[in-house]
Each structure stands twice: as structure tokens, then as C-alpha cells.
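The next block holds one structure in the form of C-alpha cells; read it before the comments.
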Protein chains: 2
Amino acid sequence: MTKRSPSPEAVSAWARLMRVSRQLVEKTEDALKAGGLPPLAWYDVLHELAEAGESGLRPFELIDRVLLAQYGVSRLLARLEAEGLVEKLPVSDDGRGQTVRITPNGRDMRRRIWAVYGTSIAELMGDRLSAEELKALAALLARLRHPPVGT
Amino acid sequence: MTKRSPSPEAVSAWARLMRVSRQLVEKTEDALKAGGLPPLAWYDVLHELAEAGESGLRPFELIDRVLLAQYGVSRLLARLEAEGLVEKLPVSDDGRGQTVRITPNGRDMRRRIWAVYGTSIAELMGDRLSAEELKALAALLARLRHPPVGT
DNA sequence: TCTATGTAGATGCAAATGCATTTATATGGA
DNA sequence: TCCATATAAATGCATTTGCATCTACATAGA
């Protein structure tokens, strides 16, 4: 067990990051609930599927995009399908898999969620930092990505 | 329903923040699991209680500090008590309440979690950004706090 | 004092999550 | 061709979470 001590700067940046991200998520989830809308994870999936267009996506492709475990994707898709927001299609060249496509109702739900979600982002981020600061923040956060981009 | 559209900068900073914070949490939770240690939330509580010292804390004081719901604190404390990591004491001037204090075993567990947690912070943050960048990141994040500090 | 209201904390029940495993199909050798 | 191994997706079961409520005590006002 190799113990390394983080610098004080690393610790306080970490603490802020943990705290702020949770607060922002909580605020946004609250706003969605208040609007009678489903959780953020639903939006993430609907968003990816909307971007993917008519050809849809395979469930395993969603795993990395929405940062859910395989069983999480499986169950979330089952709920979305039950609500008529997505449809599952067999895929011709792989009998194990399926392709998931967003339905018109799904697109509509995505829009309705975005009305609240986008407002939340505008209030929580856009109103607090300038465009330059937002870019600087995004750039710093990008350096923390996992796995690290590049080499 | 007043819809506002967030700027592209706000959206990408938001996306990065959501993604990176989740990745970092996941990496750290994985490291804890790999070490046979309890989740981050346990650390948070043990840390607060360790800082509070012999006088301990009331459960309701933990709610805001660790960003858990009231029932979350109640149940987490029950688990910690069952593990002998904290103890609950009646409080003299309020028959409804209790004071929670960390035990020696709790302090020990906190240290063991920190050995892994601290290493994780060092690798995930300290190795990727300089001290100045970390300070800049923390400062930007501080501006996103909720509720906003000051006026 | 009595009553109404407020606050601290716990908990029953339903829903969501994590973990391990299962089912079904694919693929790359021997 | 047959088998061993790998991959896609689903699921049983235990744990955790969320929501609503409940119990117990506190406090302020009539």
C-alpha cells in the first residue's frame, strides 16, 4: 500500500468540486421533480439517442456516453421503452444485440426536460460566471478527464 | 414557465463538470472498494465528527455538512454505530436529540480510508494540475456554490 | 395549564442500484 | 465442424435510497 499525500491545494479543489457538483445536481433534480419530469439520467439517454438519429444506438454504446453500468443502461432503457420514449429494434447482423431509437414521444419529452434543465444551467452557471470564466473552468476540468486524453 | 437558454459556454462547462465529477467519484469509490473499505460518505461523516472532537455533533448538524437527507444521515449513523465507529449520547437539554461522537475505532477507520482517499486525490488532481491551476479551479467552483455566499 | 405548532430523529414501504450470474449469440482456433 | 472463449443484454437477490409518515419531545401563545 503506497500512501501519497495530496497537496492542500488538491484537497481543497477536490472538496469544492465534490460539494459544488452535488449541489448543482441536487438543484437541477429538484427543478425537474417540481416540474413533474423524470431524472437527469433520462435526459442523458434521450439526448444521446436524439443525436444518434434514425440509426439509433446499441445499448453498449450508451454505457460510456452516459456513465452508467451495463445493468443500469439495461434497466433505464426498459423504463424508457415502457413509457414509449424509445423503441428497441433487432439488429440484423448480430442476434445478441438490439438498436435503440428515440420515438417522437421521446423527442417531445427531451424537449420538455430541456426547458427546465437548460434554465437550470443558465441560472446555476451562466449567471455566475462570464463566458471566459466558463471556458477556463471547462478547460481545467478537461485536464481531469478519465482516462486522460492523448497519450 | 419561463424558459431561458443557457449559453454554449455554460452548457459545455456544465457537461464537463458533470462528467468529470462523476468519473472522479467513481474512480475513488473503486479504489476504496478494492481496499475493502466503506464508501466515501462514511469518510465524510467520520471526518466531520473527528473535527468536532469530544463534544461531537448533533445529527441535524451533519445534514448540511455532508449533503445528505435527514433520513440518509439517520441511517448512515445507524450503520456507523453498528460498526462501533461512532457512539450516540443523549443530550441533556433536549430530550429529542442525541450527540454523535467518533470512537477510537472510528478514528482508526478514518485514517485507513484516508490512506486510499488521499492517494486518489493526489493522483486524480494533484498530478494533473499545478498548485496555481488547482487554486484557480477552486476559486471558479466557489463562485458556483449554493446558496451563493455573501449578498 | 392546555393546546397548537414546530423540530429531532426513526422507519415502513416502494423504487432504484449494485453485484453476480444467466441466457443467447459470436468468433477464433484445433 | 466442434469447442472454448468472448461479448450483448437481462435478471434474481440483497442493499440502498427516496418519500412520506410517525413518534417523541419542545416551545409559544391563549
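Lettering of chains follows the sequences in order, A, B, ..., and the numbering in each one begins at 1. Only heavy atoms go into these numbers, but all of them, side chains included; no hydrogens, no water, no symmetry mates.
- The distance from atom CG of B/Leu68 to atom P of C/dA8 is 17 Å, rounded to the nearest whole Å.
- Checked for salt-bridge contact, A/Lys27 and A/Asp30 miss the test: no charged N lies under 4.0 Å from a carboxylate O.
- With hydrogens and angles ignored, a donor-acceptor pair closer than 3.5 Å exists between the side chain of B/Arg75 and the base of D/dG18.
- In summary, B/Glu9 and B/Arg16 do not engage in a salt bridge, as defined by a charged side-chain N under 4.0 Å from a carboxylate O.
- For D/dA9, neither phosphate oxygen OP1 nor OP2 lies less than 4.0 angstrom from any side-chain nitrogen or oxygen of A/Ser74.
- By the 4.5 Å heavy-atom criterion applied to side chains, A/Leu46 and A/Val86 are counted as neighbours.
- Taking atom CZ on A/Arg96 and atom P on D/dT7, their separation rounds to 9 Å, with Å as the unit.
- Residues B/Leu144 and A/Val25 are members of one and the same hydrophobic cluster, defined by side-chain heavy-atom contacts under 4.5 angstrom among Ile, Leu, Val, Met, Phe, Trp and Tyr.
- Ion pair A/Arg4/B/Asp127 flagged as a salt bridge, since at least one NZ, NE, NH1 or NH2 atom sits closer than 4.0 Å to an Asp/Glu carboxylate oxygen.
- Judged by closest nucleotide on DNA chain C, B/Arg58 is the one of B/Arg58 and A/Asp93 placed further toward the 5' end.
- The nearest whole Å value for the distance from the CG atom in A/Leu76 to the P atom in C/dA16 is 10 Å.
- Applying the 4.0 Å criterion to OP1 and OP2 of C/dC19, one finds that A/Gln70 has every side-chain N and O outside that range.
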- Query: Given A/Arg58 and A/Asp94, is the salt bridge (charged side-chain N to carboxylate O under 4.0 Å, His left out) satisfied, shown in steps?
  - Reply: CA-CA 11 Å; A/Arg58 301 283 300 268; A/Asp94 188 340; 3.7 Å; yes

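- Atom CG in A/Leu57 sits roughly 15 Å away from atom C1' in D/dA9 (whole-Å rounding).
- Distance A/Leu80 CG to C/dA16 C1': 14 Å, rounded to the nearest Å.
- Ion pairing of B/Arg128 with B/Glu133 is absent here, as no side-chain N (NZ or NE/NH1/NH2) approaches a carboxylate O to less than 4.0 Å.
- Heavy-atom distances under 4.0 Å link DNA chain D to no residue of residues 28-56 of chain B.
- The side chain of B/Lys88 places an N or O atom within less than 4.0 Å of a non-bridging phosphate oxygen (OP1 or OP2) of C/dA10.
- Here the C1' atom of nucleotide D/dT17 and the CG atom of B/Leu77 are 16 Å apart, to the nearest Å.
- Atom C1' of nucleotide C/dT17 and atom CD1 of A/Ile63 are separated by 15 Å, given to the nearest angstrom.
- Regarding B/Leu89, its CG atom lies at a distance of 16 Å from the C1' atom of C/dA8, rounded to whole Å.
- Residue B/Arg79 has a polar side-chain atom (N or O) positioned under 4.0 Å from OP1 or OP2 of D/dT17.
- Between B/Tyr71 and the phosphate of C/dA10, there is no side-chain N or O to OP1/OP2 separation shorter than 4.0 Å.
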